[in-house]
*Asks:* 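My questions all concern the structure below.
FYI, side chains are in, hydrogens and waters are out, and symmetry mates aren't considered; it's all heavy atoms of this structure. Labels below follow one simple rule: chain letters A, B, ... track the order of the sequence lines, proteins then strands, and each chain is numbered from 1.
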Amino acid sequence: MKYDFASIEPKWQKIWEDEGAFRAKDFDEKPKYYALVEFPYPSGAGMHVGHIKAYSGLEVVSRKRRMQGYNVLFPIGFDAYGLPTENYAIKTGMHPRIVTDKNIEKFTSQLKRVGFSFDWSRVIDTTEENYYRWTQWIFLKMFHAGLVFRDNALVNYCPKCKVVLSNEDSQGGKCDICHSDVVQKSKTVWYLRITKYAEKLLEGLEKVDYLPNVKQQQVNWIGKSTGAFVNFKIKETGETLRIYTTRPDTLFGVTFMVIAPEHPMLDANRDKIGNIEALDAYKEICAKKTEFERTQLVKEKTGVKVEGLTAVNPVSGKEIPIFISDYVMMGYGTGAIMAVPAHDERDYAFAKKFGVDIIPVIKGGDIEKGAYTGDGEVINSDFLNGLTNKKDSIAKMLAYLEEKGVGKAGVQYKMKDWAFNRQRYWGEPIPIVHCPKCGMVPLPYEELPLRLPKVENFEPGEGGESPLAKIPSFVNCKCPKCGGDAKRETDTMPQWAGSSWYFLRYIDPHNDKAFADAEKLKYWLPVDWYNGGMEHVTRHMIYSRFWHKFLYDEGDVPCDEPYAKRTAQGLILGPDGEKMSKSKGNVVDPNDVVDEYGADVLRTYVLFMGDYASAAPWNESSMKGCKRFLERVADLSDLVGKGAPSEKVEASLHKTIKKVSADIEELKFNTAIAAMMSLLNDIYDAGTLTNEQFSLIIRLLCPFAPHLAEELWQSIGGKGLCSLAAWPEYDESKTVASHIEVAVQVNGKLRATISLPANCEKDEALDTAKADARVLPFIEGKTIVKEIWVPGKIVNLVVK
RNA sequence: GCCGGUGUGAUGGAAUUGGCAGACGUGCUGGACUCAAAAUCCAGUGGUAGCGAUACCGUGUCGGUUCGACCCCGACCACCGGCACCA
């Protein structure tokens with residue numbers, strides 16, 4: 001058959017769409033399977049081939065599952081709120097709504113051209129009213145549950161985007177959107193209390209099937225540490241200075257305290273502090289430093305002694321000085337530490353610079369040279385002296401602290417509460433009203449959605465004020481509680497809000513009574529397999545697991561973990577081996593590839609180009625191999641019925657079915673396709689193929705190159721759509737050959753391969769091996785000291 | 001610094017997890033077809049030596065375990081990803 005992709009691909013895409021071939025059926029009695037891929041942000045540039053690779057993995061899995069008789073939900077949608085669209089709107093004067101609609105249209109047509117088997121009846125758009133009303137609804141639920149709060153705090157602020165960023169969005173001290181340096185700024189902003197779920201998020205990881213590195217990254221991000229909170233008295237005021245430490249066993253070695261420059265104790269005692277001006281000046285310098293500068297100067301410790309306040313060690317009664325330094329962060333622990341310079345590198349560097357005492361309390365180091373962080377016998381520590389096990393000394397110290405009421409065991413997490421706001425236009429409005437009498441008042445649920453008003457000017461105000469603040473008709477409102485004049489919140493939600501629950505909406509996308517019907521949720525959840533990018537494991541994944549766990553606690557979803565399994569694909573790099581980007585001019589447009597090679601070649605190539613989980617550079621000439629492969633499949637029709645059926649082809653076919661079936665489950669598409677190519681080589685060698693064999697091959701190919709498969713299926717008179725035909729079964733007995741090739745080694749070195757019956761016994765194998773002409777020269781005149789026989793694989797003769 | 005990962009021909013990558021290293025694809029070389037090119041088909045293609053059968057060497061480096069190591073263990077080197085003054 002001539003392989004005319006340009007005519008067959010649109011033809012089958014239309015038939016699939018007309019017949020609703022890939023619609024998921026709620027409550028169907030077939031077993032359900034929910035496969036999820038990360039929905040795209042519809043940017044103006046359109047999709048690039050990286051998107052195609054990201055979706056092709058579970059596309060193949062979904063198609064295989066359908067053929068295996070599952071009721072498959074494989075949805076797609078658009079995560080359309082976000083800054084790039086808004087920035088584009090500012091530049092061009094086009095409204096973000098119009099820009100978004102255009103981009104979605106473009107993405108949709110690109111996706112359809114590739115022939116993905118998405119359920120197009122369930123498409124969602126996070127910026128649509130009947131979607132974001134439920135985003136707001138969940139926010140209100142969180143508000144009522146006490147998980148939403150406002151706080152004046154040091155926040156990550158991007159001066160270029162004029163927007164407050166969450167911790168997750170400013171990883172590495174760079175703005176996630178424009179990559180400029182993030183600065184610290186004091187501002188009153190919205191937070192979601194994700195830290196309340198830190199332990200649950202950590203525990204939940206134990207029962208899900210995530211890639212090990214995905215799991216590890218989340219564990220690190222949550223960053224649990226166990227230690228103790230200890231109260232130090234301030235001699236002059238009688239106040240308590242509370243610190244967190246992981247090493248309460250070194251309490252006798254504390255020679256000074258360090259508190260964060262922003263620690264509230266300073267302002268509370270301005271009159272008692274002798275050098276408050278110097279402290280203020282230091283604090284100011286720190287605030288101006290970018291995150292980058294703060295971490296660049298790691299070696300050089302800075303700080304100022306707090307004159308007029310002295311801390312008292314609760315176990316030794318010793319009086320010790322207090323310093324402020326920016327190596328202690330207000331955002332972790334209590335913003336104050338006990339410094340043990342003998343056993344902590346940072347404390348040691350600080351002590352050396354400021355001339356503070358260094359008292360060793362664990363044997364093993366040399367305080368002249370540096371801090372000793374290893375284990376050893378406890379010394380200089382009163383009742384702990386002589387203990388050699390860290391666990392024991394920590395336990396003993398904790399017991400003592402508890403008994404005295406000056407400390408107790410505690411847990412800390414690196415994860416911080418989620419700064420949940422953007423001072424921009426293109427996002428979900430936060431459904432809260434500020435009333436002069438009643439304070440913060442949530443909108444009643446019935447008033448949702450709180451619509452995003454139309455505006456002319458999307459520019460954010462100087463100092464990070466939302467564009468919504470400039471619209472009196474939006475801002476001025478009545479208090480839902482007392483009916484008096486009030487003002488609306490003008491911040492919008494961050495980009496990650498809509499994507500935190502989108503997988504739930506696919507289950508019931510048109511429901512206007514609830515975010516999704518409870519029975520439908522019960523039928524479809526959890527997501528059986530979720531695939532996406534590594535860049536989302538510490539943001540989107542954590543956020544959405546948090547929302548889901550909250551909804552579970554509220555009784556709104558039937559399971560506590562949303563994703564049963566999570567994998568990740570690797571990037572497609574440009575032909576130059578660099579990451580694809582517009583500025584480098586190395587982006588490959590899938591439309592161009594479809595035009596020249598067809599969707600089936602594109603699909604096959606993105607899966608064949610390398611290990612699915614690793615990055616691999618685009619290589620057009622390598623793609624030609626996939627084109628040849630599909631052409632050779634199309635040409636198989638010429639061989640059908642020619643000559644006598646070949647036993648070799650039959651064996652090779654059944655082995656291939658087995659391998660392809662197994663490889664798909666492990667995302668090893670490259671070897672699955674290689675196996676099919678190999679099968680083709682065998683068939684062309686044999687020059688013959690039966691009708692039945694051809695039918696199996698077509699179905700085996702279908703998940704990868706469905707258009708060609710449908711065309712061939714039709715040509716052999718297959719019933720219905722190939723996409724819904726039965727997945728090929730292999731016959732185990734046919735995959736086992738009657739005789740096998742066995743390697744013969746002498747002293748571990750390969751000397752020959754011999755052909756043996758498949759069920760050959762040890763004696764027979766050894767005899768055949770020893771008699772082989774290629775083996776004889778290596779054993780003649782020597783003693784065989786050991787004979788190894790690995791059935792079906794190898795003979796190894798050890799000679800002396 | 002900490003955590004995770006990777007290292008294999010000219011090249012993208014395979015290797016049933018300790019059992020024939022280099023599957024499959026690309027590229028390259030030679031040949032067929034063609035006036036010619038493209039496409040297609042056939043043969044070859046890790047290195048060294050040899051006309052040859054064959055021999056020796058070969059999975060980042062060095063060492064170890066084993067009848068046998070790309071695979072396991074120890075030390076080191078290089079690169080990639082994540083976190084990072086986290087107390």
*Asks:* May I ask which nucleotide in the shown strands pairs with B:rG68, Watson-Crick or G-U wobble, both distances under 3.5 Å?
*Replies:*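 Base partner found: none.
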*Asks:* Taking atom C1' in both B:rC80 and B:rC85, compute the distance separating them and give it to the nearest angstrom.
*Replies:*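 My reading of the C1' atoms in B:rC80 and B:rC85 gives 25 Å.
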*Asks:* Taking atom C1' in both B:rU8 and B:rG58, compute the distance separating them and give it to the nearest angstrom.
*Replies:*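 The same atom, C1', in both gives a distance of 10 Å.
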*Asks:* Can you tell which of B:rG12, B:rA14, B:rC3 lies closest to the side chain of A:Asp611?
*Replies:*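 The answer is B:rA14.
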*Asks:* Roughly how many Å is it from OH in A:Tyr210 to P in B:rG82, rounded to a whole number?
*Replies:* 20 Å
*Asks:* Mind calculating the distance between CD (A:Glu666) and C1' (B:rA14) to the nearest angstrom?
*Replies:* 14 Å
*Asks:* Without decimals, in angstroms, what is the distance between A:Ile657 CD1 and B:rU16 P?
*Replies:* 22 Å
*Asks:* Over how many whole Å does the gap from A:Arg346 atom CZ to B:rC86 atom P extend?
*Replies:*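 A:Arg346 atom CZ is separated from B:rC86 atom P by 4 Å.
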*Asks:* Taking B:rG64 as the reference, what is the distance to B:rA69 when you measure between their P atoms (whole Å, please)?
*Replies:*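 That atom pair is separated by 12 Å.
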*Asks:* So, A:Lys215 side chain and A:Leu205 main chain: donor-acceptor pair closer than 3.5 Å or not?
*Replies:*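 Judged by distance alone, yes, a pair lies under 3.5 Å.
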*Asks:* Nearest whole angstrom, please: distance from the P of B:rC67 to the NZ of A:Lys770.
*Replies:*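 In whole Å, B:rC67 P lies 18 Å from A:Lys770 NZ.
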*Asks:* Which parts of nucleotides 18-29 of chain B does protein reach within less than 4.0 Å, heavy atoms only, written one letter per nucleotide 5' to 3' as B for base, S for sugar-phosphate only and - for none?
*Replies:* -BB--BBSSS--
*Asks:* Of the candidate nucleotides B:rA14, B:rC67, B:rA87, which contains the atom at the shortest distance from the side chain of A:Lys786?
*Replies:* B:rC67
*Asks:* Nearest to the side chain of A:Gln217, which nucleotide is it out of B:rA55, B:rG82, B:rG12?
*Replies:* B:rG82
*Asks:* Does A:Asn231 reach the main-chain N or O of A:Gly407 with its side chain, forming a donor-acceptor pair under 3.5 Å?
*Replies:*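 Absent.
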*Asks:* Take the protein atom CE of A:Met609 and the nucleotide atom P of B:rU11, then report the distance between them rounded to whole Å.
*Replies:* 17 Å
*Asks:* Taking syn as within 90° of 0 and anti otherwise, name the glycosidic form of B:rU16.
*Replies:* anti
*Asks:* Closest approach to the side chain of A:Lys414, judged atom by atom: which nucleotide of B:rG4, B:rC86, B:rC3 is it?
*Replies:* B:rC86
*Asks:* Taking atom C1' in both B:rG27 and B:rA10, compute the distance separating them and give it to the nearest angstrom.
*Replies:*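 It works out to 7 Å between them.
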*Asks:* With syn defined as a glycosidic angle within 90° of 0 and anti as everything else, classify B:rG9.
*Replies:* syn
*Asks:* Expressed as a whole number of Å, how far does the C1' atom of B:rG9 sit from that of B:rU45?
*Replies:* 10 Å
*Asks:* Please tell me which of A:Pro617 and A:Tyr684 maps to the more 5' nucleotide of RNA chain B, matching each residue to the nucleotide holding its nearest heavy atom.
*Replies:*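 Nearer the 5' end of the strand: A:Pro617.
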*Asks:* I want to check one thing: is the phosphate of B:rU54, taken as OP1 and OP2, less than 4.0 Å away from some side-chain N or O of A:Arg751?
*Replies:* no
*Asks:* For A:Glu578 and B:rG81, what is the distance between atoms CD and P respectively, to the nearest whole Å?
*Replies:*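 From A:Glu578 CD to B:rG81 P: 11 Å.
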*Asks:* Would a distance-only check, ignoring hydrogens and angles, find a side-chain to backbone donor-acceptor pair under 3.5 Å from A:Tyr372 to A:Asp375?
*Replies:* yes
*Asks:* From NZ of A:Lys215 over to P of B:rG82, roughly how many Å is that when rounded to an integer?
*Replies:*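 These atoms are roughly 22 Å apart.
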*Asks:* Is the shortest side-chain N to carboxylate O distance from A:Lys659 to A:Glu666 below 4.0 Å?
*Replies:* no
*Asks:* Determine the Euclidean distance between corresponding P atoms of B:rG25 and B:rC42; express it in Å to zero decimal places.
*Replies:* 11 Å
*Asks:* With a 6.0 Å cut-off on the ring centroids, do A:Phe350 and A:Phe256 count as close?
*Replies:*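 Judged by ring-centre distance (under 6.0 Å), A:Phe350 and A:Phe256 do meet the cut-off.
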*Asks:* Taking NZ, NE, NH1 and NH2 as the nitrogens, is one of them in A:Lys627 or A:Glu631 under 4.0 Å from a carboxylate oxygen of the other?
*Replies:* yes
*Asks:* Is a side-chain N or O of A:Lys770 found less than 3.5 angstrom from the main chain of A:Ile779, in a donor-acceptor match?
*Replies:*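 No: the side chain of A:Lys770 does not pair with the backbone of A:Ile779.
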*Asks:* Return whichever of A:Lys659 or A:Gly333 has its heavy-atom-nearest nucleotide of RNA chain B closer to the 5' end.
*Replies:* A:Lys659
*Asks:* Can a donor-acceptor pair be found, under 3.5 Å and without considering hydrogens, that links the side chain of A:Arg242 to the backbone of A:Ala336?
*Replies:*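 Side chain of A:Arg242 to backbone of A:Ala336, a donor-acceptor pair under 3.5 Å: no, none is there.
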*Asks:* Between B:rA87 and A:Tyr332, is there an OP1 or OP2 to side-chain N/O distance shorter than 4.0 Å?
*Replies:*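 Affirmative; the distance criterion is met.
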